[in-house]
Engineer: 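Please see the structure below; I have some questions.
The basis for the numbers below is simple: all heavy atoms, side chains too, and nothing from hydrogens, waters or symmetry mates.
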Amino acid sequence: MKAAAFALFVVLLTVSAVAYRSRADLRERSAARGLLELMRRADAERDYQAIAEASFWSAQGRQTATVQVFHRHPNQRLLRYGERYAFGCDGEREWTFDAKKRLAAYTPGPPLPKVWQRDLDLLEANYIIRTNGAQSIAGRAGVAVELNPRQMGRPRVKLVVDRETGVALAQEQFDGEGRLLSSTVLKSLDLAARPAAMLFDPPVHPKECRPDCTPMSRDSMARVLGFAFSMPSRLPAGFREDSYAVYQCDRHDGCSLRAAMATFTDGLDQLTVFETRPPHVGCGESRDEQLFARFGAGAVAHIRRGQLRVVVVGGLPESELRQVAESVAAQ
Amino acid sequence: MTCQAIQAALADYSMTALPPDMQAIVRDHLRMCSVCRAEWREWRTLLLVLDATPSHAPPHDLWPEIAAQLRPRRAPSPWHGWLAAWRRPRKVFALASVSALVVLTLLVATRGPRHVTLRTAAVPEAASSFVHGHMLASSRGLSDPIVRGLFALSVEEANERR
C-alpha cells in the first residue's frame, strides 16, 4: 500500500514537473513571438532615426558600411548607404536605387499584417524561437531573441529587440557551423526624430527594373510571359512556394529583360528564382556559363544554357542555391 | 560525412593524399553527389592547369656559379640519394606548386577564427540586376534589411572590380 502511494506520488510529481516545464516553454515562446510582432509593428508604425554599422564577411574580407536609417509612420523607411545606394519605401512602393548607374527597382505595396502572421507561423515551424536574456545597445534596454533552425546546417539568427519600442537594435546571422556571416548594430537611436516625408520618395527618371508584384498564378504568369515557369524539383527543406510575379528590367546598358519570378520562404529567409527565355533585347550574345557566388549572408547562383537563364538569390548556403538552380535548368 | 567536410577534403583527395579509407569515403560520396562532383571537377581542372604549367629551365651557368659559392661537400650520407632528388628544379617546382596549393587551401579554409571566408567571383551583369528584384521581393521577411542592402551593393561593386 505504501509502495503504491509512493509510486503515485512520483507519477504526480513527474506530471507536474512536465506540465510546469511545458507552460514555461510556452510562456517563453509566446514572449519571443510577441517581441517579433512588436518589432514588425515598430518597422511600420514608429518614427525614428538611427545610425547602424553593418558588416559581413566574403571572399573580399570583411565588408562594412555605416548606414543611415530613417523610419516614419506609416510604413515609410529609408536605408542610405553613403551616396551610392539607397533602399526605401514611401508607404506605397518599395524601391532600391543605385545612384552610380541611375538604376532603380520598384514594387508596389507594403506588407499586409495577415501575410506577416502567416510568415510567423511558418517561421515557428522551421525555427525554435526563444528569448535569451537582456542586452543593452545604443543606450536602450533590449531583449535577445534567438532563432535556431530545426533543419541542420541552416543559418541561425540572433536579434536584440528594444523591449519598449520593438526597434531592432542588433541582428547577427551565423552559418550552420556557428560562424558569423553578418551583423548589424545600431550605434545611435533617436526616437524623437520625425524624418521629412519627402525623404522617402523614390528617385526621379532613373532606368527601371519593375517587378509586377500583383499576386498571380503560375498560369497567368505563363500567359503574360509566353512560357511556363519550370518549378524547381529540388527545394530546400522547410521552404514553400510563396508568390509569382513578372520581373521586367531595362538595364543601364540597354539590355531589356523579362523574367518569371517565383519566391519561396521558410518564414525567415526568402529564395527568389528568376527564369528568362528569349528574346532578350540588347543583352549581347548568349554563351553557356555557370556561376555561384556568396556575399556574406546572401548568395547568387546563375546558370545560362543556350537561351535559358536561371538566377537564384537567397540567404542559404551556396550549395543549396546551386541545387535549386540546376533543378530548374535541367527541365 | 557532410558535403562541407567532403569539399574540404577534395584538395587532398585530388592529390591522393588522404588515408585509404578516407579516399574511399570521398570517392563513394562523389559518385552519389553531383554538387561535390562539380566541386571536385574544379579542383581537378586546377591541378591539370598546374600540371600543364611549363617549368622554366634555369640558365646553364647558374648552377656552377652557385656551386662555387657552396662549402665543399662532406662525405655522402645515407640520405644523399634522397636529398639529390630535391636538387632537381622540376621536382622542386612541382613540389612548391603542390605545397602552395595546399597552403592556399588551408588559408582559405581557416582564415579568421570565427568568420566565413568563401570563394567568390563577380556576378554577371544580367544576374546582378535580379539581386535588386530579390531585395524588393523579400522585403517583408525577417532577414536583416540593412545587411540585404549591403549584399546588393557588394554585388554591384564586385562587378565593377571585374
Engineer: Hey, which of A/Arg84, A/Gln173, A/Gln323, A/Glu326 has the most heavy atom pairs under 4.5 Å with chain B?
Structural biologist: A/Arg84

Engineer: Mind listing the closest non-hydrogen atom pair of B/His134 and A/Thr272 along with its distance?
Structural biologist: ND1-OG1, 2.6 Å

Engineer: Return the minimal non-hydrogen interatomic distance between B/Ile146 and A/Ala52, and the atom names on each side.
Structural biologist: CD1-CB, 3.9 Å

Engineer: Tell me, side chain or backbone of A/Glu177 under 4.5 Å from chain B's heavy atoms, or both, or neither?
Structural biologist: side chain

Engineer: Quick check on the 6.0 Å ring-centre criterion: do A/Phe56 and B/Phe151 meet it?
Structural biologist: no

Engineer: Any chance you could measure B/Phe130, atom CZ, to A/His302, atom NE2, to the nearest 0.5 Å?
Structural biologist: 7.5 Å

Engineer: Is A/Val67 in contact with chain B via its backbone, its side chain, both, or neither, using a 4.5 Å heavy-atom distance?
Structural biologist: side chain

Engineer: Please classify the contact of A/Thr96 with chain B as side chain, backbone, both or neither, using a heavy-atom distance under 4.5 Å.
Structural biologist: both

Engineer: Could you go through B/Arg148 and A/Phe87, starting from their C-alpha distance and side-chain angles, then the distance that decides it, and tell me whether this counts as side chain to side chain contact (heavy atoms under 4.5 Å, CB included)?
Structural biologist: CA-CA 10 Å; B/Arg148 270 190 288 123; A/Phe87 175 29; 4.1 Å; yes

Engineer: Specify the closest pair of heavy atoms between B/Val35 and A/Ser319, including all atoms of both residues, with the distance to one decimal.
Structural biologist: CG1-CB, 4.0 Å

Engineer: Please round to the nearest 0.5 Å and tell me the distance separating atom CG of B/Asp144 and atom CG of A/Leu181.
Structural biologist: 12.0 Å

Engineer: Could you measure the distance from the CZ atom of A/Arg234 to the OG atom of B/Ser34? Nearest 0.5 Å is fine.
Structural biologist: 6.5 Å

Engineer: With only heavy atoms counted, which part of A/Ala86 is less than 4.5 Å from chain B, the side chain, the backbone, both or neither?
Structural biologist: neither

Engineer: Please report the shortest heavy-atom distance between B/Ala152 and A/Tyr85, naming the atom on each side.
Structural biologist: CB-OH, 3.4 Å

Engineer: How about A/Leu79 and B/Pro145: do any of their side-chain heavy atoms sit closer than 4.5 Å?
Structural biologist: yes

Engineer: State, yes or no, whether a side-chain contact exists between A/Gln171 and B/Val147 at a heavy-atom distance under 4.5 Å.
Structural biologist: no

Engineer: How long is the span from the CG atom in B/Leu150 to the OG atom in A/Ser55, to the nearest 0.5 Å?
Structural biologist: 7.5 Å

